[in-house]
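See structure below.
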Amino acid sequence: MKPSSETTSQDRLREAGIRITGPRLRIYEYLQTHRTHPTCDVIYRDLKAKDESLSLASVYNVTEKLAEVGLINELISPDGQKHYDGIIDFHGHFFCKECGKIMDVSCGKDFIPDELDGVRLDSMSLIMSGVCRDCLG
Ligand SMILES: [Zn+2]
Ligand SMILES: [Zn+2]
């Protein structure tokens, strides 16, 4: 039995005000456990193995919906591909130009520059790019 303080994925979908469906739940949970910033193609490929009825179109629909209600973040990498991130706490990203890997970069709220003092900041995205340690060898 789970402790009652634990918020489940179902709770999160319910709180966001969207109907709970199998694909929404599975894709949301996938993104909570895979911090690799997958594209729809990758999500589809991984989940298709467990769910034969899943279509690529529904992966596109579900990720779009989850992003719309703020449960996941959409991230456009410098190569123009759309990636999804189940972690919505503020953080930045480092994109490797060689292997295409996207790493999470922690940067707290104190990262916000003085110029933005007094504004209401609704979203922020920080993408850095370069070559990762693995690719530098
Ligand atoms: Zn790399
Ligand atoms: Zn991230």
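Owing to the predicted nature of the structure, the values given are computational and were not obtained by experimental measurement. These numbers come from the heavy atoms of this one structure, side chains and all, not from hydrogens, waters or symmetry mates. One-based numbering along the sequence shown.
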Interatomic spacing from [atom1] in [X] to [atom2] in [Y] - rounded to 0.5 Å:
X: Leu71; Y: Ser9; atom1: CG; atom2: OG; result: 9.5 Å
X: Asp85; Y: Thr63; atom1: CG; atom2: OG1; result: 13.0 Å
X: Arg24; Y: Arg19; atom1: CZ; atom2: CZ; result: 6.0 Å
X: Ser77; Y: Lys82; atom1: OG; atom2: NZ; result: 11.5 Å
X: Ile72; Y: Lys65; atom1: CD1; atom2: NZ; result: 12.0 Å

Is Lys101 paired with Asp134 through a side-chain N to carboxylate O contact shorter than 4.0 Å?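 Between Lys101 and Asp134 there is a salt bridge, with a charged N closer than 4.0 Å to a carboxylate O.
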
Hydrogens and angles aside, do [X] and [Y] bring a side-chain donor and acceptor to less than 3.5 Å of each other?
X: Thr39; Y: Gln81; value: no
X: Thr8; Y: Asp11; value: yes
X: Ser106; Y: His91; value: no

Heavy atoms, side chains only, cut-off 4.5 Å: are [X] and [Y] in contact?
X: Thr7; Y: Arg12; result: yes
X: Pro78; Y: Ile127; result: yes
X: Leu13; Y: Glu15; result: no
X: Phe94; Y: Cys132; result: yes
X: Val59; Y: Leu47; result: no
X: Phe95; Y: Met128; result: no

Is [Y] reachable from [X] through a run of I, L, V, M, F, W or Y residues, each pair having side-chain heavy atoms under 4.5 Å apart?
X: Leu31; Y: Val42; answer: yes
X: Ile27; Y: Leu25; answer: yes
X: Phe90; Y: Ile76; answer: no
X: Ile88; Y: Ile18; answer: no
X: Val69; Y: Tyr84; answer: yes

| What's the verdict on side-chain contact (heavy atoms from CB on, under 4.5 Å) for Ile87 and Asn73, showing C-alpha distance, side-chain angles and the deciding distance? | CA-CA 7 Å; Ile87 309 306; Asn73 274 333; over 6 Å; no

**Study point:** Summary of ring pair (Phe, Tyr, Trp, His ring centres under 6.0 Å) pairs that have at least one residue in residues 29-70, sequence neighbours excluded
**Key:**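 Sorted pair list: Tyr30-His34, His37-His93.
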
Item to complete: Can you run down the salt bridge (Lys or Arg N to Asp or Glu O under 4.0 Å) pairs that involve residues 35-58, sequence neighbours left out, and say none if there aren't any?
Response: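 The answer is Arg26-Asp51.
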
query: Are the side chain of Gln32 and the backbone of Gly86 linked by a donor-acceptor contact shorter than 3.5 Å?
result: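 Answer holds: yes.
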
